Every structure is written in C-alpha cells, then in structure tokens.
Colleague: 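Take this structure, written in structure tokens, and hold onto it; I'll ask about it next.
The shown structure was predicted, so the numbers you read here are calculated from the model rather than taken from an experiment. Along the sequence shown, residues are numbered consecutively beginning with 1.
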Amino acid sequence: MFVRRSAAVLAATAVIGTAFAPAALADESPSAAPSQAVPSGLYGTTDPTYDGVWRQSLALLAQDTVDVRPAAKAVDWLVGQQCASGAFAAYRPDPAAECGAKTQVDTNSTAAALQALEALDAKDSVTGAAVKWLKSVQNEDGGWGYLPGTPSDTNSTAVVIGALEAADVDPQDVPSKDDRTPYDALRGLSVPCAEDGGGAFAYQPDKKGRLAANADATAAGVLGALGEGMAAEPEEGADGDTSKGSRCVAGDSLSIKDAAANGAGYLADAVAKDGHLKSALAGAKDQPDYGNTADAVVALATSGRTVEAGKSLAWLEKNSADWAAQSGPAAYAQLIFAAHAAGTDPRAFGGADLVKQLGATGPAASEAGTDAKSGSTDGNADNTDNTDKSDKDDTDGGVSAWWIVGVGLVGGIGIGFLISGRKKKQQ
C-alpha cells in the first residue's frame with residue numbers, strides 16, 4: 001500500500017519535489033516536519049499538500065465506524081476543502097480562494113471525502129455536488145481515472161463506487177455515454193483465469209493492453225466489485241468456508257460477483273504462506289506491505305473469507321505498530337477498517353487502542369451518543385486556522401497507494417514508472 005525506498009522512488013522524488021518524499025519513504029524514513037503550518041482541524045502533522053483530504057477523510061470515516069464523534073472543526077475543515085464544482089483537491093491551503101483551472105481536483109480525494117461526509121450526515125448540498133461532479137468525469141468505459149480525463153484504473157473506479165453506494169446511488173444506474181457501468185469497467189480490469197495472476201485485478205492495462213495482477217488494485221477491486229466502501233461490513237453469515245479454494249471462474253460472461261470472488265481467491269493465495277502481502281520495487285528486497293495487507297483483510301472479510309482475513313489480521317496485530325505510528329492517521333484508519341471488517345475490537349488490537357491512537361493525531365473527539373454529525377459548513381468556507389499542532393505526535397499523513405498513483409500523474413512521471421518498477425510477483 002505504501003511505496004518503499006528505492007532508486008526508482010528517489011528518482012520520482014526528484015521530479016515531484018521534496019513534499020513527496022515523506023510519503024514515498026514513509027515506511028523506512030523518519031517523519032519529516034511540515035513545510036508549512038498545518039491547520040488545527042486537520043489530522044496528522046506533516047505537509048498535507050498531497051494527502052490532506054485523503055487522510056482526513058479516512059480518519060473521520062474510521063471514527064464514525066467505531067461510534068466516535070469527530071470534532072466539529074475537523075469535519076468543517078473537510079467540508080471547507082470542497083470546490084464550488086463539488087470536487088475536492090488533495091489539499092487547498094486557502095479554502096476561501098475559488099478553485100480555478102490550476103486547482104488539481106481528483107476523483108480519489110472527492111470519493112474519499114464523499115464516503116466520510118455521507119457517514120457524518122453532511123448537507124445534501126455538499127454530498128450531492130460531489131456525486132454530480134463524479135458523474136460528470138466518468139470515462140466512456142464506465143470507470144474513472146485518478147484525474148479527470150485520464151484512463152480508468154481499478155483503484156479509482158473502486159473508491160468512486162464506494163462513494164456512490166454511500167450516497168445511495170446504485171452504480172448500475174450510472175452509465176457512461178457508451179452505456180457502460182462502473183462494474184463493466186472493473187470486469188474489464190480482471191485478469192483472465194488462464195493468464196499469470198488470473199483472477200486478480202490489474203491497475204490498468206499496459207501499452208499493449210495486457211493485464212498484470214496487482215495486489216493493491218485487487219484489494220480495492222474486490223471491494224468495488226462488491227459495491228462496498230472503505231469501511232465495509234463483514235459478510236453476514238460468513239462461516240469462513242474456503243472449500244472451493246481459489247478456483248477462478250472463467251468465461252466471457254463473467255459476472256461482477258465472479259470477478260469479486262476471483263479477486264478474493266487471488267488475495268487468499270497471496271496471504272496463505274505468511275499472512276501478509278509483500279511489495280518491492282526493482283532492486284529492493286521484498287518488504288511486508290502493511291497498508292495493503294490491511295486492505296486485503298477488509299476485502300477478504302467482506303468476501304466471506306474469514307479464515308484468511310483472520311490470519312492476516314493476527315499478523316497485523318503483531319507487526320504493524322511501528323508502521324502505523326510512523327505513517328499516521330490514514331494508517332490507523334486502515335487498521336481500524338480491517339479490525340472492523342474482521343469483527344475484532346480495534347480498541348484491543350494487539351494490546352493497543354487504535355481508536356485512541358488515531359484520535360491523538362487530530363482534534364479531540366468524543367464517544368458518539370448524540371447527533372454529532374457536522375457538515376454545517378457549505379463548500380468553499382474559510383477554515384484556515386493554520387496553527388502548528390505542536391502538542392501532537394510528529395506523524396506522517398499515512399498516504400495510501402490509491403493517492404500515490406495520482407501523485408505520479410500529477411508529478412509528471414506517470415503511473416507506469418511506479419508500477420513498472422514493482423516485481424510482478426507481488427504477494
């Protein structure tokens with residue numbers, strides 16, 4: 001889920017700039033101090049330029065998932081990041097300024113914010129505008145790319161599906177101009193059973209149209225194919241029966257449920273040996289992929305594969321503490337989502353209270369007992385309390401690969417640069 005240190009990443013850092021370095025090297029480098037004052041309503045203390053809305057959205061959604069009432073100023077900060085169009089950028093340092101042609105809005109930030117704000121009962125004018133914008137930038141194949149007009153990818157399409165579902169919009173009722181649905185796009189990104197990595201989801205086709213299995217994309221794709229968001233619920237009545245193994249369902253008429261089951265089977269095989277996923281760039285040793293393993297737990301549990309989900313969750317309970325502490329609010333949120341989906345108490349996660357740890361990275365919240373949902377502010381509000389959070393741990397923003405894919409595009413290096421460096425044996 002997180003890009004590791006490598007020559008490729010260091011080269012990418014030179015193109016994107018120093019603001020990208022803390023996110024790219026999150027797993028192995030000390031957290032860097034923010035290059036600018038961080039708004040007091042925002043979770044995390046590192047430079048929010050590339051992940052402010054993403055990490056805030058995950059933090060608020062995770063708190064709502066465990067019945068914690070987020071601080072009103074934290075919700076208002078997120079609402080204030082919205083452009084008049086309904087879209088969100090990764091971060092707007094001056095929400096009072098109108099969004100212009102140079103404002104880099106994206107589908108991932110918008111969809112993540114929509115999932116969080118729907119959970120928090122934000123105003124219809126806020127959530128409705130986000131839905132309208134997402135529909136307006138849908139590609140002809142039914143999916144979405146990170147940036148409007150870029151080719152569809154599994155991760156972006158999946159996070160938008162989760163947002164539409166959160167807003168009570170059936171993705172089947174969101175056809176493109178070519179009458180293709182988001183599920184059609186996901187089916188087209190499912191690796192055929194007869195090919196290497198069959199059953200997995202690819203991030204995008206390569207230049208020759210071939211699909212390569214990608215664990216990041218598969219975890220996201222399974223949730224999207226099931227019509228679930230990041231805070232997915234475990235499948236009701238799931239008994240963990242894996243008697244069918246990872247049998248891949250083939251055929252030209254592959255249903256979206258088959259595609260989800262195939263992807264879950266791929267993930268089940270990938271975590272069978274060690275309980276976790278691995279990821280590495282060319283020239284680097286395989287590293288445990290904590291973030292993507294957490295996402296895989298959610299996908300497996302939601303697919304009814306509770307045995308594999310439980311094994312991976314147990315691995316995370318034993319091994320993820322240092323990663324989460326270094327990576328910050330989005331990482332804590334991912335672990336909370338994993339525990340929630342697997343039916344485990346995130347307040348007793350390997351001896352740690354994830355809810356408390358997440359809360360320490362942002363404005364004080366409280367247990368939800370009253371109607372705490374905010375969203376009282378319409379978009380384009382002036383929520384620029386740019387006060388340093390010196391009383392918080394110096395944690396990184398916990399930038400997800402769903403976001404980092406977009407940063408590659410924004411920085412001009414292209415996703416192909418980041419993905420092509422990965423070893424094909426991502427497991």
Colleague: Pairing donors with acceptors under 3.5 angstrom, does anything connect the side chains of Gln63 and Tyr43?
Modeller: yes
Colleague: Run Thr150 and Leu147 through side-chain contact (heavy atoms from CB on, under 4.5 Å) and show every step you take.
Modeller: CA-CA 6 Å; Thr150 58; Leu147 298 176; 3.8 Å; yes
Colleague: Return the set of residues passing side chain to side chain contact (heavy atoms under 4.5 Å, CB included) with Glu233 (not counting sequence neighbours), or none when no residue passes.
Modeller: His340
Colleague: State which residues pass ring-ring contact (aromatic ring centres under 6.0 Å, His included) with Trp315; sequence neighbours excluded, sorted by chain then number.
Modeller: His276, Tyr290
Colleague: Is there a donor in the side chain of Asp153 and an acceptor in the side chain of Tyr203, or the other way round, less than 3.5 Å apart?
Modeller: yes
Colleague: For the pair Trp54 (side chain) and Ala90 (backbone), establish whether a donor and an acceptor sit closer than 3.5 Å, ignoring hydrogens and angles.
Modeller: no
Colleague: Any carboxylate oxygen within less than 4.0 angstrom of a Lys/Arg side-chain nitrogen, looking at Asp184 and Arg187?
Modeller: yes
Colleague: Given 3.5 Å as the limit, does a donor-acceptor pair link the side chain of Arg92 with the main chain of Gln81, or not?
Modeller: yes
Colleague: Quick one: salt bridge (Lys or Arg N to Asp or Glu O under 4.0 Å) partners of Asp206, sequence neighbours excluded?
Modeller: Arg210
Colleague: For Asp124, check salt bridge (Lys or Arg N to Asp or Glu O under 4.0 Å) against everything at least two apart and list the hits.
Modeller: none
Colleague: Does Gln56 reach the main-chain N or O of Ala74 with its side chain, forming a donor-acceptor pair under 3.5 Å?
Modeller: yes
Colleague: Test your reading of the model: is there a side-chain donor-acceptor pair from Gln334 to the backbone of Gly291, 3.5 Å cut-off?
Modeller: yes
Colleague: Holding to side chain to side chain contact (heavy atoms under 4.5 Å, CB included), I want the full list of residues that pass it with Ala232, two or more places apart in sequence or in another chain.
Modeller: Leu223, Glu228, Val298, Thr302
Colleague: Would Gln82 and Thr110 satisfy side-chain contact (heavy atoms from CB on, under 4.5 Å), going step by step from the backbone distance to the final call?
Modeller: CA-CA 8 Å; Gln82 188 176 38; Thr110 303; over 6 Å; no
Colleague: The criterion is side chain to side chain contact (heavy atoms under 4.5 Å, CB included); which residues satisfy it with Ser136, sequence neighbours excluded?
Modeller: Trp133
Colleague: How far apart are the C-alpha atoms of Lys278 and Gln287, what are their side-chain angles, what is the distance that settles it, and do they pass the side-chain contact (heavy atoms from CB on, under 4.5 Å) test?
Modeller: CA-CA 5 Å; Lys278 300 175 185 177; Gln287 299 286 337; over 6 Å; no
Colleague: Indicate whether the side chain of Ser176 and that of Asp178 have a donor and an acceptor atom separated by less than 3.5 Å.
Modeller: no
Colleague: Closer than 3.5 angstrom, by distance alone: can the side chain of Gln138 be matched with the main-chain N or O of Lys177 as a donor-acceptor pair?
Modeller: no
Colleague: Would you say the side-chain atoms of Thr157 pair up with the backbone N or O of Thr154, donor to acceptor, closer than 3.5 Å?
Modeller: no
Colleague: For the pair Ser312 (side chain) and Gly275 (backbone), establish whether a donor and an acceptor sit closer than 3.5 Å, ignoring hydrogens and angles.
Modeller: yes
Colleague: Under 3.5 Å, side chain of Arg305 to main-chain N/O of Ala261, donor-acceptor pair present?
Modeller: no
Colleague: Any donor-acceptor pair under 3.5 Å linking the side chain of Thr361 with the backbone of Gly328?
Modeller: no
Colleague: Does Tyr146 offer a backbone N or O that forms a donor-acceptor pair with the side chain of Thr107 under 3.5 Å?
Modeller: yes
